[in-house]
Structure formats: structure tokens, C-alpha cells
Amino acid sequence: MIYKLFRPLIFKIDPEEAHALTLKILAFSSRIPLFLRFLKKIFQTPRSKPIRAFGLTFPNALGLAAGYDKNGIAVQGLAALGFGHIEVGTITPLPQLGNPKKRIFRLPGEKAIINRMGFPNLGAEKILNNLEKIKNRSEFILGINIGKNKDTPNEDAHKDYTSLISHFNHLADYFAINISSPNTLGLRELQGKAHLNTLLTAIIDHRDNFEKRVPLLVKLSPDLTELELSDALDILIKLKMDGIIATNTTIDKSSLISANKNETGGSSGMPLTKKNTEMVRKIDQYTKGVIPIIAVGGVMSAKDAQEKLDAGAKLVQVYTGLIYSGPSLVKNILSNLN
Ligand SMILES: Cc1cc2nc3c(=O)[nH]c(=O)nc-3n(C[C@H](O)[C@H](O)[C@H](O)COP(=O)(O)O)c2cc1C
């Protein structure tokens, strides 16, 4: 309600600046216990059902998708909004600036966003430092979304992913292997048969060196063809991957109507809702439910979230819905799931 009142004002600010401001407020709240208690009081829902997946117990079914807190500066503030899990990142080994600004665009007519961020982040060392400061880790699940630096050729991509696992293994509850962002040239080729098996085998072997076994989830693109998807799923089944995150943003702009529709990048939000739910259903049917799925793509309401759970997802995540509905969306979804 309050967010609805302020939204026209917020939408007057450049999307990336509005986002940075929100994160700063949440980062500040993360450091002040009184503020955290206040946020929890307002946003947390008493009706939360824990979910078991990937050998972990999630406090509830809803998480924050990757890209919102790329540098892990506001994790506790975000958890206080009621999310059962927070996925930080995408983190790359070395810091990088990402694509030139302006690189986030609102499409209010269809409640969508186009972004071409290109993994701007502080790099593994600094983000590790940020995450080591987090307190009350038992209250939520922390996912670490990892990617390769822009300049790393695909043939060497495994080195970036394994070095990130070395950095974060002691802190991560799960790793999300991001090979599906459309904004890093060539990244999505890693989903193809030629790379996927080799890449994931190297990552699994590396993970298995650690005493603490962290589940590995693969984040897929909604733009894979039927054949590409089944080829990828065959590999994920063969390698006994722990989980799938479906999906990243789409480069399919055919249903977009707003002025910004031709901006380069991946789109998210309402135009992705149905396409994503159908992909989750397909993955669940193809894998016969053996690989648990986190559904992410166009969760704008409790109904959307429920449909994804009914299609076979174990958990759901949200990003763009937050921009259009504000933080009360979390409580709204969690209070209305079956
Ligand atoms: C501005 C923005 C930045 C994003 N950055 C990342 C990222 O760094 N890594 C990633 O895996 N996904 C990233 N995503 C994709 C989201 O995690 C999510 O998969 C996608 O937006 C679909 O969900 P939604 O419709 O709820 O937004 C980003 C999305 C947006 C809108």
C-alpha cells in the first residue's frame, strides 16, 4: 500500500540509482539490530512452511533471486523482509565494472525490466569480506551465485568457477552456477553439449575435495530450444546435479510493448511468467522430479508462485516483482501459498 503511493516517485529516479538507494537503506538496516527487528516485525509472516531441498532446510518457499544484492552488502536486511533464502551475486573472481550505464530499463506497461548489467561486482576477495560479517546465519539460507569474468575464455571458465568455490565453500549453503546470463558474451554457450559436461565435471570434482559438501545448482536460460534443454538435462541427470534454477532473463522481446522494448539485454518480470512456468513443468517432467527446481521468472503474485510450485518447483525466487510491488510482496506471497 505504502509502496504503491511512493512508486511513481521512485519510478522518476533512474532504475539503477533507485536500486542502489534501496540497497543502501537495507545495508544500513543490516548493521542496526533495532532496525532489523523493526523490519522483521513489519514483514515477517507467521505462516511459513519449511521446505527440504538439496539436503538443506529452507525456512520458507520464497527466496531473493541473484542480481539484487550482487556484492552481499544487505543480506541481513533482505532476510528481515521475510525471504527464506538470499542468493548473492553473480560474483566473478576479479572485480569488474560491467557494461556502460545506462543498463537497466523499466517497462511499466508490461511490468517488466530489461537489464544488460554484465556482472558488475566487487570480486571474490571483497565480497568474501562482506559475507563474513553476516550474523544470524541460521535464520536463512545463503546461496552464492558464481560466474566467469568477461575476459575469461570459455575454455578456461572452469578455473573461474572452481576458484570461486574455493573462496566461498565455507560460507555457502548452495552454489548457483550461472551459465545463462545473456549479458556476458558467449556465457550461454556453456550450456551447450560441447562445454557443459566438461565444465560441470571439473566443478563437481573440485567441490568434492572439500569436507563440507555444498550443493551445486545450475541456472538455465529460458531461451534454450527443446533439443538444447533435453541435451542439457541429460547431462545434469547423468552428473547427479543437486538442483536447477530455472530461469535467467530472456532475450525474446516479442511480447514487449513499452518504449524501452528494443533495449539490448535480458527481460524479466510479467512477460516471463508463463514461459517460465512451462519450462519448469517441462524440466520436472523430463527429469521425473529427480533434480529439485527453484523457479524464478515473473513471480509477480502469490498465484504466480503457486503455479510454479504446482508445475514442479520446490522453491521460488523473485526479483522484478519486488520492483513493481515493493517488499510487501514477500509477505503477500508467503501468506497465500497452499
Ligand atoms: C537488474 C537485474 C540484474 C540481474 N542480475 C543477475 C545476476 O547477476 N545473476 C543472475 O544469475 N541473474 C541475474 N538476474 C536475473 C534474475 O536473477 C532472475 O533470474 C530473472 O530476473 C527472472 O526473475 P524475475 O522475473 O523475478 O525478475 C538479474 C535480473 C535483473 C532484473
Side-chain angles (χ1 to χ4, degrees), residues 14-20 22-23 62-72 83 85-92 96 98-99 101-107 110-122 127 143-150 161 164 174-184 187-188 190-191 217-223 244-252 255-256 260 263 265-277 279-280 293-301 304-305 308 313 315-325 329-330 333:
D14 169 79
E16 193 164 347
E17 279 171 26
H19 180 71
T22 316
L23 260 190
L62 184 64
L64 178 67
Y68 196 95
D69 188 0
K70 288 175 182 289
N71 295 313
F83 289 111
H85 68 283
I86 311 283
E87 195 172 304
V88 164
T90 295
I91 305 172
T92 56
Q96 59 180 37
N99 290 319
K101 293 177 184 170
K102 182 176 176 174
R103 51 193 181 178
I104 305 183
F105 304 86
R106 297 186 188 100
L107 290 81
E110 55 273 57
K111 290 195 174 167
I113 294 285
I114 292 180
N115 93 83
R116 51 168 178 268
M117 299 291 277
F119 298 164
N121 76 106
L122 296 172
I127 299 176
I144 307 278
N145 182 305
I146 54 178
K148 71 167 192 74
N149 275 113
K150 181 181 167 216
Y161 291 94
L164 287 158
Y174 72 82
F175 283 111
I177 302 164
N178 184 4
I179 45 174
S180 50
S181 165
N183 302 312
T184 295
L187 184 82
R188 295 184 310 161
L190 296 174
Q191 295 172 109
L217 283 59
V218 178
K219 187 164 180 178
L220 295 175
S221 161
D223 300 323
I244 293 172
I245 304 181
T247 60
N248 217 309
T249 54
T250 174
I251 55 164
D252 174 9
S255 65
L256 303 182
N260 286 325
E263 289 294 342
S267 72
S268 54
M270 209 157 75
L272 196 53
T273 310
K274 288 239 140 42
K275 182 175 173 164
N276 174 266
T277 308
M279 183 151 167
V280 168
I293 306 163
I294 300 182
V296 52
V299 173
M300 313 303 279
S301 66
D304 297 336
K308 290 174 198 299
L315 298 142
V316 286
Q317 292 179 342
V318 62
Y319 188 148
T320 305
L322 269 189
I323 295 170
Y324 285 96
S325 300
L329 180 66
V330 182
I333 291 176

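Order of listing sets the numbers, starting from 1, for every ligand and every atom in it.
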Donor on one side chain, acceptor on other, Thr277 and Lys308, under 3.5 Å: yes
Pair Thr90-Asn145, side-chain donor/acceptor within less than 3.5 Å: yes
Check: Ile294 main-chain N/O paired with Gln317 side-chain donor or acceptor under 3.5 Å: no
Under 3.5 Å donor-acceptor, Ser180 side chain and Lys219 backbone: yes
Min side-chain heavy-atom separation Arg188-Ile251 under 4.5 Å: yes
Residue contacts for ligand 1, heavy atom to ligand atom, distance under 4.0 Å: Ala65, Ala66, Gly67, Lys70, Gly89, Thr90, Ile104, Ile113, Asn115, Asn145, Asn178, Lys219, Thr247, Asn248, Thr249, Ser268, Gly269, Leu272, Val296, Gly297, Gly298, Val318, Tyr319, Thr320
Side chain to side chain donor-acceptor pair (under 3.5 Å) partners of Arg103, counting only residues at least two apart: Glu16
